[in-house]
Protein chains: 2
Amino acid sequence: MTQPRTRIQQKNRTVILSAGLDVFSQYGFRGSTLDQIAEAAGLSKPNLLYYFASKELIYTELLSELLSTWLDPLIAMNDAGDPVEEILGYAKRKLSMSRDYPRESRLFANEILQGAPRISASLHGELKDLVAEKAKVIRGWQAHGKIADVDPYHLIFSIWSLTQHYADFDVQVQAVLPVDDAFPGAEAHLEHMLRRTLAV
Amino acid sequence: MTQPRTRIQQKNRTVILSAGLDVFSQYGFRGSTLDQIAEAAGLSKPNLLYYFASKELIYTELLSELLSTWLDPLIAMNDAGDPVEEILGYAKRKLSMSRDYPRESRLFANEILQGAPRISASLHGELKDLVAEKAKVIRGWQAHGKIADVDPYHLIFSIWSLTQHYADFDVQVQAVLPVDDAFPGAEAHLEHMLRRTLAV
DNA sequence: ACTTTATTTGACCAGTTGGTAAAATGAAGG
DNA sequence: CCTTCATTTTACCAACTGGTCAAATAAAGT
């Protein structure tokens, strides 16, 4: 089942995952039902369970897909590049992900809010290691006087929060902001903040 | 019932609301059950329903309590004070709330993630108005050259995201950060970022 | 055309969920 | 002590939930 054989399977698994993403990203694992997902996918519940044996499997499939793509932008932050531009590039990639994949961002937020029961290991493993590695890179830049001497961890947290906010709190942003598209302003503000924060 | 008469009612309503906050802030409205809340409160389910007629009423009571305290720190931002210190003071109050009331922050986050079905009106009303008012104050400061010319809305969003992150994503912060207490570092970083962002 | 395999459906089930009703217990005042 | 009102418990219910099963239908290969 991991390798879909037919085109129908390929297509329906994709449809189900997208429907699951819609529902899970809004209501979290516990708050979502198979009926909701089945309806969003345009399939009957037993038919849905023909493709994924359980609710859990749809969810974990989504989570594991998410994790890899989630780390990529940070992995791409390159030791050899210009420090400010590297950090800014990372932040902008992250903001683009909030624009282009808001559901994934919200799925992640929901999982964390619920205590990260199914992703805790990855947080303490892959994510922690990756951040530690990049924190070291940032400290290297700081030792060479390339950027301001801020805590690398909180710098990374601030990039996460500033960018993910536009996906996770989209409803609030839309309600408050007297402008249709938040992203142009968000990007300008993000760039301003980070350039100033990092200037030596 | 709005005015609790006896001491037992006073106490049990408080216990229930706290238990509800525990549960709702983790799983959201849909993902939480009365049984969970009853157990957390140390009451039987029918006994719980003796104090609050429905799950919905516990939740909305929590939300309306939340909203007023949530706006206070921003309301306190004073036109007449020193601009940088006023904005910084607001940000620090907000960060303190993430430290002292993380459950409330997560409850709010969950409600927004689920599309703000029960708080949408307040977002488009009170919150929007308040932010518009404070945006005007900030623009006034900028017109007098007191702070840098950044978009007031995105400035406020950035304060929200930077501070709430430490409550909402606490599990992730704990997993990644090689330090017990994130808040001292968070506050220093927040101050650094904002002072630099706002400097003329 | 016919067989085999993949897909879809309808009927169903046991456990959970939000909520009710009435009886049982407790507290407090007269 | 006895009555009244507040509180708690027990038993219960209908709707929903995740999931199963066997039969029906559709595709594909021969």
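All of these numbers come straight from a predicted model, not from anything done at the bench. Per chain, numbering begins at 1; letters A, B, ... match sequence-line order.
With sequence neighbours left out, A:Lys55 forms a side-chain hydrogen bond (donor to acceptor under 3.5 Å, both in side chains) with no residue at all. Applying the side-chain hydrogen bond (donor to acceptor under 3.5 Å, both in side chains) rule to B:Asp170 yields the partners B:Gln174; only residues at least two apart in sequence or on another chain are considered. Looking at residues two or more places apart in sequence or on another chain, you find a side-chain hydrogen bond (donor to acceptor under 3.5 Å, both in side chains) between A:Tyr59 and A:Glu111.
For the OP1/OP2 pair of D:dG18 and a distance below 4.0 Å, the side-chain nitrogens and oxygens of A:Arg30 include no atom meeting the criterion. For B:Gln9 and D:dA6, the shortest distance from a side-chain N or O to OP1 or OP2 is not below 4.0 Å. Under 4.0 angstrom from either OP1 or OP2 of D:dT7 there lies at least one side-chain N or O belonging to B:Tyr50. Applying the 4.0 Å criterion to OP1 and OP2 of C:dA6, one finds that A:Asn12 has every side-chain N and O outside that range.
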Fill in: nucleotides 25-30 of chain D: protein proximity per nucleotide (B base, S sugar-phosphate only, - neither; heavy atom, under 4.0 Å)
------
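In this structure, the CZ atom of B:Phe52 is 17 Å from the C1' atom of D:dT8, given to the nearest Å. Going from atom CD of A:Gln10 over to atom C1' of C:dA6 covers 16 Å, rounded to whole Å. Regarding B:Glu56, its CD atom lies at a distance of 18 Å from the P atom of C:dT17, rounded to whole Å. B:Leu57 has its CG atom 16 Å from the C1' atom of C:dT20, to the nearest Å.
The pair B:Glu56-B:Arg118 counts as a salt bridge, with a side-chain nitrogen and a carboxylate oxygen less than 4.0 angstrom apart. Taking 4.0 Å as the cut-off between side-chain N and carboxylate O, A:Arg196 and A:Glu191 do not count as a salt-bridged pair.
More than 12 heavy atoms of other shown residues, nucleotides or ligands fall within 6.0 angstrom of atom CZ in A:Phe183.
For A:Lys55, taking side-chain heavy atoms from C-beta onward, the closest of the listed nucleotides D:dG18, C:dG18, D:dT7 is D:dG18.
No continuous path of hydrophobic side-chain contacts links A:Ile119 to B:Leu113 [ILVMFWY only; heavy atoms under 4.5 Å]. Note: the hydrophobic cluster containing A:Leu194 also contains A:Val84 (ILVMFWY, side chain heavy atoms under 4.5 Å, direct or indirect links).
Each side-chain hydrogen bond (donor to acceptor under 3.5 Å, both in side chains) pair with one or both residues in residues 138-162 of chain B, not counting sequence neighbours, appears once here: A:Tyr166-B:His154, A:His189-B:Ser158, B:Tyr90-B:Trp160.
At a non-hydrogen distance threshold of 4.0 Å, A:Ser44, A:Pro46, A:Asn47 from residues 33-49 of chain A come into contact with DNA chain C.
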